[in-house]
Amino acid sequence: MSVEQPIEHTGEPLLKLNNVSKFFGGLAAVQNLDLEVKPREIISVIGPNGAGKTTVFNLITGIYSPTSGNIVLAGRSLAGLSPDKVLRRGIARTFQNIRLFNNMTVLENVLVGEHTQLKANVLGSLFHTPNVMHEEAEARQRAVELLSFFGTELVERQEEYVINLSYAQRRRVEVARALGSIPKLLLLDEPTAGMNEAETLEAVKYVRRLRDELGLTILLIEHKLAVTMGMSDRIYVLDYGRKIAEGLPEEVRRDEKVIAAYLGKPTAADQKAAE
Amino acid sequence: MPTASMLLPTRDSRALLIKWIVGLLVPVMVFTFVWSGEAIINNVLLGLINPGSTALQGPVLIEAAIFIVVFYATVIALTGYLVAADSGRRRTIDLWIDIVVFTLVPLFLVINFGLVVGAALCAIIWPAYFFVRRRVRQARHYTPPPPLKNLEVSDAEQRAILMSRATTAGFWFAFAFAVVWLIVDLIYFFVGQLPTVLLIWVVIRTILLPIAGYFLGRLGGAVALRRTLAAKSNGSKSDGNVATNGVGRRVSKKRQLESLSTTRAREEAKDLVPNDLPLRSTGAQRFYLILIVAFVLFYPVLDPFLFGSGTAGRLAGYGDAGYYVILALGLNIVVGFAGLLDLGYVAFFAIGSYAWGIIGSTQLTNVLGQAPVNPHILSALFWPMLIVGALIAAFWGVLLGAPTLRLRGDYLAIVTLGFGEIVPIVFLELDKYSNGPNGIVGVQSPSFPGVDWSVITPVPYYYLILALIAFTIFANVRLRDSRLGRAWIAIREDEIAAASSGVNLVNTKLFAFGAGAFFSGIAGAYHAAKLGGVSPDNFSFGDSVIFLAMVVIGGIGSIPGVIVGALAVYAINQLLLAQLDSLATDPSNPLYAVHNAIVHFIPGFTFDNIRNLIFGIILVVIMIFRPEGLIPSARRRREFHAIEEDHEIEVGALDVVPGAPGFETEVRVE
């Protein structure tokens, strides 16, 4: 089982965003964002709705390309790479509104996640060469092992279509699919969204285990402040596409700008209306 | 050898035996006595006893004999399997109605209207039947009867019971069949229609059949037993190993995962024995496959017996239906697997046709100003050109696919539609090579040592298209189940998630276009060779739509469905509707009266005028009754019936509550 160990985050950052901006037409979704993730860190990005958190993820994973600025993974720029190329570099992700392949089984979903790890070409697949058969058997074995990270139930239900699974189970399958590519950095977009308290606690547990047992670096978006405070090494706070605070959980908790962003700050218009 | 007491059905199984033996015996007897089964058998026997006395000789005789043996043996073994596999959750009367609709109705239609039209009518009737059955069940609050006793456990005793059931079923089925047959033959004999020589056969058969039935029933039972749930004791044993044996932990973990994977997955599997729907179980499907393969393989021999004279014409017709199957399967890769709506598929068919048309005739040598190549050499070139033509089509598939990559859904359909229009026009305008509107004539047929490819015998084309279809199905299945196939389906499900899982959208989509076009090219080369020419009229937008209709009606993404859909649409469109006018000229046909009545109001009316209207109505009706297609793939069936089935799933019961002690197990990824 996981043992709490103090982890030192030294050396070069694994992921680095330099002054990244993204504009949709005139709308600034993300502005001049600097962000660093060091190996084996758990970093949270928080902020109110519409703060641009998911846009940051889409920028990192190549779904959007930044209007300006640079994104660097382990010293190499990710600029202009398509999502599958980004994944090959070692960044896997999950989505806020779970995007599983609903009409595929649990196991098939994870096998798609292993896509980049497999080499079978058309002729090999057609004629079932020994290499392909071996690779396929290994892929299945590994997919089952990945599912077993979340206990036995997903292993038992591997042949089921994911649409039959509960919400929390689907989240776990999505993480297993992301793990299939053997990433260095895992991006989790609201891993506890829509979950009850018990399920949230469980999610927090497995996020830690992902780091402690698999040695992953994790960047996650969270909405629930309490959850973030408990598991993050550092927190970035976004509002209106700008970074308004960063630091250790305790520092962020006491930051006035963060409190204002979350609780709402009376604007000039509000004050006028109050009078 | 069986003792009498062993073969007497127990009280439990008596009803079960009657249910299945009567259910299956009736269609088999209709095939044998009403249709041509017996005629084939008698001709085979006469041929064996006295060579030269019948039309059957040499290899043809042997083929017919093999078919007879395979057919009856498979049916008897199937009976054994079904009795062992039935969980009893289907009332006898329901089952009999099902069997009548699925065997007797098609037999009747096929005998009366011919194979293809009969099958097409089935494709219309069956969805309607499903619809009515569902409505009736809803209206009557249908509840299936409880399952048979003692079916959950599958220990040695249970397996023995299943096996004895299967054996008895095989024996009694064969016995009942032999007795009926004996009576029929005796009647024929006394009427004087049965040659005396065959009486020996009658006696031998009556004795042999029950014995064969006993063993074939055992065979069916053995097939069924392979799908029973393994006894639980195995699983707990390996768990014990994990606890005690600390050294072999890694191996044990793997084994533990395997055991976890198999138990629940097999419990969930629909085709487990005993089964609520044994007719649809995987085991039964194996038997159907044997029957279908035997029928298709020996069809040229059987045809004269089944449908009388005109075999050559019919076989030629099936050769045409065959390339539609290949086209539909190819399009299924693009539309069904990868989910890319392609309305210009006919373009690649045209490319394949012209590829062999230009090479396989004097066209190319004329253009180049060379002397014509020896036709024999040219004919032999067909085989490499089949592949080259397909590769050329695939190349264009990739090339034309490239600009569409950024498009989705409706926009993609419009652009592909454009290509479907452009390519035939290019061939039309490219007079120098394609001969413009006149098309290409004198295209060589293939050559193969020892085979006569002349127009008189369409048999070689029949087997050629059979081989090509077999290859296409093989490739479809293998691709679907490969890494690439998973990527296609992932793209269909969710492009962004697929890309974020490492699927290269560009390559994967282009490959789908290429693979689809490849098979289209094969079909095109075959088409040009069989027709002996290429005509630019054959590649219209309407054809693309027909191909798409085949895929959709059969069941998008389902390989057996698409094959059935192709045959059904071909038969409805090309045979049934095309024949309406000639049928209406026959005063004995009900259509005659209909036609006269309409002409009374609309002078000059012909059915040909409203052919597309009727075709459209049929398509609409099928889509209303069965939107997922005739034989939907498991995935699609799920999509369409997700709401109904969701009620049955108790998620809570299967979930381990997070935080519960059993939640996080020792199983870990290292």
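By convention in this document, chain letters (A, B, ...) are assigned in the order of the sequence lines, proteins followed by strands, and residues within each chain are numbered from 1. Quick caveat: nothing in here was measured; it's all calculated off a predicted structure. For the numbers below, each heavy atom of this structure counts, side chains included, while hydrogens, waters and symmetry mates do not.
Proximity to chain B (any heavy atom under 4.5 Å) is restricted, for A:Gln141, to the side chain, taken from C-beta onward. With a 4.5 Å cut-off on non-hydrogen atoms, A:Glu108 touches chain B through its backbone and its side chain both. When heavy atoms are compared at a cutoff of 4.5 Å, B:Ala515 does not approach chain A at all. Both the backbone and the side chain of B:Ile496 come within less than 4.5 Å of a heavy atom of chain A. Proximity to chain B (any heavy atom under 4.5 Å) is shown, for A:Leu126, by both the backbone and the side chain. Contacts between A:Arg89 and chain B at a heavy-atom distance below 4.5 Å are absent for every atom of the residue.
Applying the side chain to side chain contact (heavy atoms under 4.5 Å, CB included) test between B:Ser500 and each of A:Val86, A:Leu187, A:Asn58, A:Ile63 identifies A:Ile63 as the sole match.
From B:Asp494, atom CG reaches atom CZ of A:Phe101 across 6.0 Å, with rounding to the nearest 0.5 Å. A distance of 10.0 Å separates CD of A:Glu136 from CZ of B:Arg483, quoted to the nearest 0.5 Å.
The minimum heavy-atom distance linking A:Arg177 with B:Ser501 is given by the pair NE-OG, 3.5 Å. B:Arg478 approaches A:Ser125 most closely through the heavy-atom pair CD-O, 3.5 Å.
Residues of residues 502-510 of chain B lying under 4.5 angstrom from chain A, judged on non-hydrogen atoms, are B:Gly502, B:Val503, B:Asn504 by number.
The backbone N or O of A:Met104 sits nowhere less than 3.5 Å from a side-chain atom of B:Glu493 that would complete a donor-acceptor pair. Side chain of A:Arg99 to backbone of B:Ala497: no donor-acceptor contact under 3.5 angstrom is found.
Listed options A:Leu111, A:Thr116, A:Val144 were ranked by heavy-atom pairs under 4.5 angstrom with chain B; first place goes to A:Leu111.
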